[in-house]
Amino acid sequence: MLEVKDVSAGYGSNEVLFGVSMTVEDGEFVTLMGRNGMGKTTLVRTLMGLLPRSGGHIRFDGQSLDRLPAHRIARLGLGLVPEGRLVCANLTVRENLVATERPAAGNGASAWNLEKVYALFPRLAERQSNLGSQLSGGELQLLAIGRALMMNPRLLILDEATEGLAPLIREIVWNCLQVLRSQRLSVLLIDKNVDVLSRIADRHIVLERGRVVWSGDSKAFIEARSGLEQYLGV
């Protein structure tokens, strides 16, 4: 579904990614791991068209993303839960959700809508009339995930999915990801909770200084974990 080939990118003269190659298959749950500052968020921003590449190519479902602006990439079916959430503070929970609503391609019976998001996150239903500025950090993260699901993405990308969340909210997020996995939604996830990730993900990619230093399935990751800890920052 997603193919990244020899991608380089950075900020001005500061190069961050150096020839990164990776894939995400249809229905696959893939994690992107590494210490802080190793290029994970830069790669996500590059995938979404928010940061220009200095080299390489990106394709989604066979279509090149190389010259597409961010809004057209999103319309192709890439949904993002960004680091920092970036929820509209002056809109209500409900307004934040319906603002990004997009019909699903194919089977409409499985489409995400307001009712399904509220069923997944009852706390958002309870807070639907509250402004974004009135939510806790955990509630903002649930809203950011719900907002991305309302786009009915074919690939959901989550940057720092549970960073800084209280244990209860973190558990809600993990349960949500289990639901998405059972529905075979393609997921690319950045997080530091290695124990959970090794149980629920299909495959793992480890970045170090803007390069892929390891990739493999969960069985191989568990076997290699002791040798990878220097790269994981956990």
Item to complete: Identify the two heavy atoms, one from A9 and one from S54, that lie closest to each other, and give their separation to 0.1 Å.
Response: N-OG, 3.7 Å
Worksheet item: Who passes ring pair (Phe, Tyr, Trp, His ring centres under 6.0 Å) against F221, sequence neighbours left out?
Response: H204, W214
Fill in: All side chain to side chain donor-acceptor pair (under 3.5 Å) counterparts of D6, not counting sequence neighbours
S21
Worksheet entry | All side chain to side chain donor-acceptor pair (under 3.5 Å) counterparts of Y118, not counting sequence neighbours | Q128
Discussion item. For a quick test of reading the model, state the closest non-hydrogen atom pair linking P82 to R147 and the distance between them.
Written reply: CD-NH2, 3.8 Å
Item to complete: Drop me the distance from E139's CD to I169's CD1, to the nearest 0.5 angstrom.
Response: 6.5 Å
Worksheet item: After noting the C-alpha distance and the side-chain angles of L232 and M38, does the key distance pass the side chain to side chain contact (heavy atoms under 4.5 Å, CB included) rule?
Response: CA-CA 10 Å; L232 300 179; M38 293 299 107; over 6 Å; no
Worksheet item: Counting only N and O atoms by type, is there a donor-acceptor contact under 3.5 Å from the side chain of K40 to the main-chain atoms of L32?
Response: no
Worksheet entry | Counterpart residues, side chain to side chain donor-acceptor pair (under 3.5 Å), relative to D191 (two or more places apart) | T162
If you look only at distance, which donor and acceptor atoms sit under 3.5 Å apart when one is on a side chain in residues 83-90 and the other is two or more places apart or in another chain?
unit_1 : atom_1 : unit_2 : atom_2 : d
E83    : OE1    : T41    : OG1    : 3.3
R85    : NE     : Q141   : OE1    : 3.2

Worksheet item: Atom CG of L2 and atom CZ of R154: how far apart are they, to the nearest 0.5 Å?
Response: 11.0 Å
Worksheet item: Do you reckon L131 sits in the same ILVMFWY cluster as F121, going by side-chain contacts under 4.5 Å, direct or chained?
Response: no
Item to complete: Measure the CE-CG distance between M33 and N193 for me, rounded to the nearest 0.5 Å.
Response: 9.0 Å
Worksheet item: Hey, quick one: are L177 and L165 part of the same hydrophobic cluster, counting side-chain heavy atoms closer than 4.5 Å, chains of contacts allowed?
Response: yes
Fill in: Test side chain to side chain contact (heavy atoms under 4.5 Å, CB included) applied to N130 - qualifying residues, sequence neighbours left out
R127, Q134, L135
Fill in: Spatial distance of atom CG (L158) from atom OG1 (T31) [nearest 0.5 Å]
12.0 Å
Worksheet item: Does a side-chain heavy-atom distance below 4.5 Å link L149 with L120?
Response: yes
Worksheet item: Mind checking whether L68 and F60 sit in one hydrophobic cluster, side chains of I, L, V, M, F, W, Y counted as touching below 4.5 Å?
Response: yes
Fill in: side chain to side chain donor-acceptor pair (under 3.5 Å) involving S8 - partner list, sequence neighbours excluded
none
Worksheet item: Taking all atoms of both residues into account, what is the closest heavy-atom pair of T46 and V7, and its distance?
Response: CG2-CG1, 4.0 Å
Item to complete: Determine the minimum heavy-atom distance between V20 and G210, stating which atoms define it.
Response: CG2-O, 3.3 Å
Worksheet item: What pairs with E223 under salt bridge (charged side-chain N to carboxylate O under 4.0 Å, His left out), at least two apart in sequence or on another chain?
Response: K219
Item to complete: Any chance you could lay out the side chain to side chain contact (heavy atoms under 4.5 Å, CB included) test for R199 and W174, step after step, and finish with the verdict?
Response: CA-CA 11 Å; R199 292 197 304 269; W174 291 130; over 6 Å; no
Discussion item. Is it the case that the side chain of S198 and the backbone of S218 share a donor-acceptor pair, with hydrogens and angles ignored and the cut-off at 3.5 Å?
Written reply: no
Worksheet item: Say you draw a straight line from CG of L47 to CE of M22; how long is it, rounded to the nearest 0.5 Å?
Response: 6.5 Å
Worksheet item: Which pair of heavy atoms, one from P153 and one from G79, lies closest together, and at what distance?
Response: CB-N, 3.6 Å
Worksheet item: Quick one: does D217's side chain have a donor or acceptor within less than 3.5 Å of a partner on D202's backbone?
Response: no
Practice prompt. Identify the two heavy atoms, one from I145 and one from C176, that lie closest to each other, and give their separation to 0.1 Å.
Written response: CG2-SG, 4.0 Å
Fill in: Linked, directly or transitively: I200 and V187 (ILVMFWY side chains, under 4.5 Å)
yes
Item to complete: Spell out, yes or no, whether L180 and M151 are grouped together once hydrophobic residues are joined by side-chain heavy atoms under 4.5 Å, including indirect joins.
Response: no
Worksheet item: What residues form a salt bridge (charged side-chain N to carboxylate O under 4.0 Å, His left out) with R53, not counting sequence neighbours?
Response: D66
Item to complete: Count the heavy atoms of every other residue, nucleotide or ligand shown that sit under 6.0 Å from CD of Q183, and state whether that count exceeds 12.
Response: yes
Item to complete: Mind jotting down which residue pairs meet the salt bridge (Lys or Arg N to Asp or Glu O under 4.0 Å) criterion with at least one end in residues 160-169? Sequence neighbours excluded, please.
Response: E160-K192, E163-K192
Worksheet item: Which value, rounded to the nearest 0.5 Å, describes the distance between R209 atom CZ and Y231 atom OH?
Response: 10.5 Å
Worksheet item: Partners of E208 by salt bridge (charged side-chain N to carboxylate O under 4.0 Å, His left out), sequence neighbours excluded?
Response: R35
Response to the item:
For residues 8-30, the salt bridge (Lys or Arg N to Asp or Glu O under 4.0 Å) pairs (sequence neighbours left out) are E28-R203
Discussion item. Looking at R181, I want to see if its CZ is surrounded by more than 12 non-hydrogen atoms of other residues, nucleotides or ligands under 6.0 Å.
Written reply: yes
Worksheet item: Hey, does R45 have a side-chain heavy atom less than 4.5 Å from the side chain of V16?
Response: no
